[in-house]
Amino acid sequence: MGIRAQRRGLFLTVAGIAFMISACQKPTSDTVQQSPASARALSGSLADPARLQQDDGQWVMSAKNYAATRFSSLGEITPANVKQMGVAWTFSTGVTAGHEGPPLVVGDTMYLVTPWPNILYAFDLTKPGAPIKWQYDPKPLGAAKGVACCDIVNRGAAYANGAIFFNALDGRTMSIDAATGKERWVTQLTDINRGETMTMAPLVVKGKVFVGNSGGEFGVRGWLTALDADSGKTAWRAYSTGPDKDVLIGPTFKPHYDSDRGKDLGITTWPGEAWRIGGGTVWGWLSYDPEADLLYYGTANPGPWNPEQRPGDNKWTAGMFARSPDTGEARWFYQTSPHDLYDHDGVNEMVLADLQMNGGTRKVLMRADRNGLLYVIDRLTGEVLSATPFVPVNSNKGVDLKSGRLIPVKEKESKQGMVVRDICPAAPGAKDEQPMAFSPKTGLLYIPHNNVCMDFEGTAVSYIAGTPYVGASVVYKAGPGGNRGFFTAWDPLAGKPKWQIKESFPVWSGALVANDVVFYGTMEGWFKAVDANTGQLLWQFKCGSGIIGHPMAFKGPDGHEYIAVTAGIGGWPGAIVSADLDPRDATAGNGWGGMLADLKKTTTKGGMLYVFTVGGGT
């Protein structure tokens with residue numbers, strides 16, 4: 001169906017915000033308010049993502065902005081009229097796998113990357129039905145699918161200075177001309193013969209493209225790499241394990257806690273040479289504070305899952321780094337799960353905000369971690385200000401704020417050859433990569449997450465390059481209450497929920513705050529709009545497949561607000577459907593089989609982009 005004809009639009013900017021996002025500056029007249037979407041430039045100074053992120057009419061990076069808020073101030077869609085929202089147009093990707101990454105909108109063009117085979121589409125938003133302008137097929141190796149641990153997903157692209165940057169599953173990063181679809185450069189970064197793939201969304205900062213690898217369940221050594229945006233050449237690489245020189249730890253490294261200080265901890269906190277196959281991959285989200293000039297990202301689980309094979313803290317896995325984007329030099333590190341016992345990767349998004357705390361303003365980052373704790377951390381120093389459970393947790397007792405250490409629960413520690421039952425949260429965590437959103441209007445985080453526990457047995461495993469290196473048998477089960485998911489509005493200052501919605505399945509979609517309305521999707525395929533202040537359900541639409549995609553908002557060339565999301569069940573939990581796993585095997589999908597057996601009865605495979613607007617289709 002066509003985009004409606006041009007009529008007077010409504011564009012509101014939020015004034016008087018109590019909580020200011022440090023990565024955003026006030027819009028200037030030449031970047032936002034005087035340029036309709038169809039007139040926005042794709043080159044020159046206006047094409048700098050540092051400026052474009054301020055324009056809520058566009059969506060130029062997966063997280064919306066450097067602060068990773070996934071907040072838009074567009075105000076045409078409101079709690080009062082969202083019930084009138086309908087489908088404006090759709091597009092079938094032809095791929096029936098997990099669809100996670102959001103589309104981008106730059107100027108009058110929308111861009112979308114599919115799961116493998118990672119085709120990049122450009123759609124013309126000025127024409128009815130948004131026809132394809134061009135498409136780019138990177139032709140990734142089919143063998144990459146065989147070493148993708150958790151479905152063949154892609155978490156999106158990034159725009160900067162006339163180019164679209166994205167990763168293919170076989171470990172290549174690409175720069176594509178945003179106007180023509182012509183290839184600018186391709187850089188091969190991983191080796192699939194070692195089980196190394198790429199699924200994350202790049203971030204572009206100051207002329208560098210930041211990308212990381214996947215493959216922790218194959219004994220891959222994790223890293224973050226900076227590529228020159230013009231040439232694709234490697235500017236620097238920082239490993240997550242190994243000697244300080246490989247981790248780019250030097251004299252400017254000033255971690256807040258004693259446990260993170262010392263020489264070559266990336267070797268000495270591992271047995272023998274285990275750090276070489278120790279994981280710590282960088283497959284999640286990145287944030288950036290331009291004022292502090294610090295890049296933030298998390299490192300994934302150590303390998304193997306069986307902790308008895310890797311005694312020690314296993315630095316620098318399951319934690320978060322702050323680095324200089326120019327040189328890669330580490331500034332601080334904090335480990336959320338030292339000597340990780342449960343596959344609690346530290347890759348979840350870090351939302352940046354300036355909060356009024358204890359009578360002053362603190363520059364913080366906030367993360368809902370897999371270990372079940374909602375962290376508020378001073379983003380300049382790495383000091384933990386609070387760490388509060390946001391789900392039922394019995395595997396830790398929180399954080400010792402003096403030492404920064406996670407406090408373990410001995411009777412729930414995983415062991416080799418012994419089944420430890422009812423560990424909460426499970427390996428996928430209280431929340432996995434599905435990104436939360438933050439509203440500077442309400443001061444609330446909106447968290448899509450899980451309520452899942454597990455039985456865990458460590459098993460001995462040997463490393464063979466390119467084969468699974470897990471060392472555990474796990475079975476997941478619904479957490480307390482029986483519901484397997486929540487959508488929670490969380491007050492980071494009070495350390496408690498403002499409101500919460502129970503969902504039958506884990507909520508594996510991303511969240512979007514569009515002014516006063518919050519959007520998220522369910523694994524059954526419902527795309528929902530709720531009131532940002534109360535959680536009241538305002539509208540829902542049943543999509544053709546389960547939703548694990550990340551919704552986004554934009555202003556079309558006609559001046560109206562649109563909401564877009566992909567529906568295509570998959571990802572780690574949805575593989576029970578997309579990979580047609582046998583639910584009679586409780587360990588299928590690395591633990592999801594039995595718990596999500598009923599998912600096959602509620603949704604089917606798919607791959608569709610939906611674009612909605614008020615009065616859509618009229």
Side-chain angles (χ1 to χ4, degrees), residues 1-12 36-38 56-59 64 70-93 99 101-112 121-133 437 509-522 524-532 536-547 549-568 603 606-618:
M1 299 181 184
I3 295 177
R4 294 167 299 174
Q6 180 82 28
R7 56 184 173 86
R8 186 173 66 90
L10 177 64
F11 184 76
L12 301 180
S38 58
D56 283 341
Q58 306 186 77
W59 195 282
K64 173 59 175 77
R70 293 174 170 85
F71 171 84
S72 171
S73 66
L74 295 179
E76 182 180 16
I77 297 172
T78 69
N81 67 16
V82 69
K83 60 181 176 292
Q84 301 169 18
M85 201 163 72
V87 176
W89 57 276
T90 63
F91 175 76
S92 173
T93 67
H99 285 61
L104 305 181
V105 168
V106 186
D108 57 13
T109 304
M110 175 181 283
Y111 302 91
L112 178 69
Y121 289 98
F123 303 99
D124 188 344
L125 297 176
T126 68
K127 297 180 180 179
I132 297 172
K133 274 186 174 182
S509 83
L512 165 70
V513 190
N515 207 346
D516 296 318
V517 182
V518 181
F519 293 90
Y520 72 97
T522 72
E524 302 100 311
W526 286 106
F527 188 46
K528 299 186 177 185
V530 299
D531 188 286
Q536 177 187 355
L537 179 65
L538 303 172
W539 170 90
Q540 60 182 346
F541 179 88
K542 187 64 164 63
C543 296
S545 184
I547 300 171
H550 309 155
M552 54 81 73
F554 68 97
K555 182 193 285 189
D558 60 359
H560 291 292
E561 181 181 355
Y562 292 82
I563 307 294
V565 71
T566 54
T603 193
M608 184 77 75
L609 168 67
Y610 292 85
V611 180
F612 302 92
T613 192
V614 170
T618 61

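Remember, predicted model here, so these are calculated numbers, not experimental data.
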Nearest atoms (heavy-atom pairs only) where [X] meets [Y]:
{"X": "A529", "Y": "V82", "answer": "CB-CG2, 3.8 Å"}
{"X": "T126", "Y": "P557", "answer": "CG2-CG, 3.9 Å"}
{"X": "G101", "Y": "T566", "answer": "O-OG1, 4.0 Å"}
{"X": "A511", "Y": "A437", "answer": "O-CB, 3.7 Å"}
{"X": "P551", "Y": "G549", "answer": "CD-O, 3.5 Å"}
{"X": "L125", "Y": "A130", "answer": "CD2-CB, 4.2 Å"}

Is there a donor-acceptor contact under 3.5 Å from the side chain of [X] to the main chain of [Y]?
{"X": "Q58", "Y": "G107", "value": "yes"}
{"X": "Q540", "Y": "W526", "value": "no"}
{"X": "Y111", "Y": "V106", "value": "no"}
{"X": "N81", "Y": "E76", "value": "yes"}
{"X": "K133", "Y": "M110", "value": "no"}
{"X": "T613", "Y": "E561", "value": "yes"}

Of the options W59, F123, Y562, which is the one that meets F554 in a ring-ring contact (aromatic ring centres under 6.0 Å, His included)? Y562
Rounded to the nearest 0.5 Å, what's the gap from [atom1] on [X] to [atom2] on [Y]? Could you check?
{"X": "L537", "Y": "D531", "atom1": "CG", "atom2": "CG", "result": "10.5 Å"}
{"X": "I77", "Y": "K83", "atom1": "CD1", "atom2": "NZ", "result": "13.0 Å"}
{"X": "E524", "Y": "I547", "atom1": "CD", "atom2": "CD1", "result": "9.5 Å"}
{"X": "L609", "Y": "Y121", "atom1": "CG", "atom2": "OH", "result": "11.5 Å"}
{"X": "K542", "Y": "T522", "atom1": "NZ", "atom2": "OG1", "result": "7.0 Å"}

Please examine the side chains of [Y] and [X], heavy atoms only from C-beta on, and report whether any two atoms are closer than 4.5 Å.
{"X": "S509", "Y": "V565", "result": "no"}
{"X": "K64", "Y": "L512", "result": "no"}
{"X": "F612", "Y": "F519", "result": "no"}

So, F527 versus Y610, ring centres under 6.0 angstrom or not? no
Do we see a donor-acceptor contact under 3.5 Å between the side chains of S73 and D56? yes
Does H99 have any ring-ring contact (aromatic ring centres under 6.0 Å, His included) partners at least two apart in sequence or in another chain, and if so, which? none
